[in-house]
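First the structure, in the form of structure tokens, and then the observations on it.
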Amino acid sequence: MGARQSRASSRDKGSKRMLLLGRRQKFSPWDDTLLSGRDPRSLLKRGMRHVSFSLVTKGMTDIPDFLWGLSEVQKLNLSHNQLRVLPPEVGKLTRIVVLNLCGNHLRSLPRELSLLQSLKVLFLNMNCLAEVPAELSLCRSLEVLSLSHNCLSQLPASFADLSRLRKLNVSNNYFAHIPICVFSLKELDFLHVGSNRLENIAESIQCLASLQIFIAESNNIHSFPRSLCLLTSLELLNLNNNDIQTLPDELYLLRGLAKIAWNPMDKGLHISHNPLAKPLPELVEGGLEMLFSYLKDKKHN
């Protein structure tokens with residue numbers, strides 16, 4: 001009986017332990033820290049360059065209040081949660097360099113984002129934004145901005161003031177044209193406007209002389225503008241899945257394009273799935289040098 005009682009007692013203890021563990025799993029990381037009496041700063045990760053804080057994929061609908069007291073945070077990752085609101089208190093994190101809010105349910109952004117004067121990288125992709133505040137243009141240190149997979153059809157004119165912006169992704173939105181403010185961003189080397197509602201590319205695209213990667217695939221673009229041929233720094237030009245029938249004779253000026261590219265990740269000219277007029281499809285199949293040679297001869301004859 002003693003042995004049986006001992007085994008029964010062990011099973012009871014084991015069951016209680018499992019029950020406690022099951023309950024414990026319901027605690028979020030910050031609850032666990034606070035319940036144990038630890039300083040929330042113990043959740044910070046101090047790397048070689050930045051102090052980081054991450055609450056990725058925690059199912060959060062609200063941001064814990066203690067976060068706004070962690071003023072030393074430089075990289076904050078709150079991606080892939082269920083956040084619907086970003087509180088104005090975010091403006092207290094003035095040392096933020098990288099802010100990742102992608103994969104939430106944000107419909108608007110607080111004006112206090114303008115207080116983040118050290119912000120260089122901002123990910124807002126995969127949310128429900130129909131607009132972004134003009135005050136975001138006051139983040140003059142911003143270099144990388146992703147707004148893809150939202151509900152945007154325009155950008156504030158003040159975005160022209162983001163003079164340090166180098167990479168801009170506004171793909172998978174509802175833009176009928178590239179916003180005029182974009183053409184003022186002289187430092188841009190990456191621009192993704194794919195999967196929108198574009199029917200043309202404005203001649204002002206030639207203002208983006210530093211552009212190395214331009215992606216405008218999966219739109220309704222009817223013509224390949226000659227002004228694109230002036231962007232001689234281009235290394236990747238993707239115009240796949242549009243309605244382009246002819247190519248400009250000056251295309252051969254884009255010597256930075258190494259080849260006709262078929263893999264989406266490759267540099268070069270992407271021009272597949274367009275209704276190109278003959279003999280262009282055969283020339284494309286023959287490679288970039290053959291295509292360039294034909295267009296160059298055509299221009300001079």
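Side-chain atoms are counted along with the backbone in the values below, which use heavy atoms only and exclude waters and symmetry mates. Owing to the predicted nature of the structure, the values given are computational and were not obtained by experimental measurement.
- Counting only distance, with no hydrogens or angles, the side chain of N241 and the backbone of S195 share no donor-acceptor pair below 3.5 Å.
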Next item on the list: Starting from the C-alpha separation in whole Å, work towards a yes-or-no answer on side chain to side chain contact (heavy atoms under 4.5 Å, CB included) for L78 and I63.
Entry: CA-CA 9 Å; L78 300 174; I63 300 172; 3.7 Å; yes

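- A distance-only check finds a donor-acceptor pair linking the side chain of N242 to the backbone of A216 [under 3.5 Å].
- Checked by atom type, the side-chain pair S137/D161 shows no donor-acceptor distance below 3.5 Å.
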Check: Hey, mind stepping through R84 and D62 against salt bridge (charged side-chain N to carboxylate O under 4.0 Å, His left out) and telling me if it holds?
Finding: CA-CA 8 Å; R84 295 183 180 276; D62 297 293; over 6 Å; no

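- Put simply, the side chain of D249 never gets that close to the backbone of K296: no donor and acceptor are under 3.5 Å apart.
- Between the side chain of N240 and the backbone N or O of H273 there is no donor-acceptor pair closer than 3.5 Å.
- For L129 against N150, the heavy-atom pair with the smallest separation is N-OD1, 3.0 Å.
- Considering OG of S210 and CG of L188, their distance stands at 8.5 Å, rounded to 0.5 Å.
- The backbone N or O of I215 lies less than 3.5 Å from no partner atom in the side chain of N238, so there is not a single donor-acceptor pair.
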Margin query: Apply salt bridge (charged side-chain N to carboxylate O under 4.0 Å, His left out) to residues R164 and E143 and explain how you reach the verdict.
Written below: CA-CA 5 Å; R164 297 186 183 180; E143 297 179 4; 5.7 Å; no

Next item on the list: Dump the intermediate steps for side chain to side chain contact (heavy atoms under 4.5 Å, CB included) on K75 and V51, then the final yes or no.
Entry: CA-CA 6 Å; K75 293 178 68 175; V51 178; over 6 Å; no

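- With values rounded to the nearest 0.5 angstrom, L147 atom CG is found 6.5 Å from L168 atom CG.
- Distance alone, capped at 3.5 Å, places no donor-acceptor pair between the N169 side chain and the S146 backbone.
- D243 places no side-chain N or O within 3.5 Å of a backbone atom of H222 that could act as its donor or acceptor partner.
- Looking only at distances, a side-chain donor or acceptor of H192 sits under 3.5 Å from a matching main-chain atom of G194.
- At distances below 3.5 Å, at least one donor-acceptor pair connects side-chain atoms of N219 with backbone N or O atoms of V193.
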Margin query: Under the criterion salt bridge (charged side-chain N to carboxylate O under 4.0 Å, His left out), I'd like the reasoning laid out for R226 against E250: C-alpha separation, chi angles, the key distance, then a yes or no.
Written below: CA-CA 7 Å; R226 284 180 166 78; E250 296 84 357; 3.2 Å; yes

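- Atom CD1 of I260 and atom CE of M290 lie 11.0 Å apart (nearest 0.5 Å).
- With rounding to the nearest 0.5 angstrom, the CG atom of N125 is 7.5 Å from the CG atom of N127.
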Next item on the list: Please assess S114 against E135 for the test side chain to side chain donor-acceptor pair (under 3.5 Å), listing each intermediate value before the final yes or no.
Entry: CA-CA 5 Å; S114 64; E135 288 81 2; over 6 Å; no

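- Looking at heavy atoms from C-beta onward, L67 lies in side-chain contact with L76 at the 4.5 angstrom threshold.
- Under 4.0 Å is where a charged nitrogen must lie from a carboxylate oxygen, and between D189 and K167 at least one such pair does.
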Next item on the list: Decide yes or no on side chain to side chain contact (heavy atoms under 4.5 Å, CB included) for L247 and I271, but give the supporting numbers first.
Entry: CA-CA 10 Å; L247 298 176; I271 198 66; 4.1 Å; yes

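- Scanning all heavy atoms of the two residues, the minimum distance from C181 to P156 falls at SG-O, 3.6 Å.
- Side chain of D266 to backbone of P264: no donor-acceptor contact under 3.5 angstrom is found.
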Item checked: Trace of the salt bridge (charged side-chain N to carboxylate O under 4.0 Å, His left out) decision for R255 with E289 -> CA-CA 10 Å; R255 287 293 174 181; E289 285 303 319; 3.3 Å; yes

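- With rounding to the nearest 0.5 angstrom, the CG atom of L228 is 9.5 Å from the CD atom of Q206.
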Next item on the list: Run the numbers on S79 and C102 for side chain to side chain contact (heavy atoms under 4.5 Å, CB included), then give the verdict.
Entry: CA-CA 5 Å; S79 63; C102 79; 3.7 Å; yes

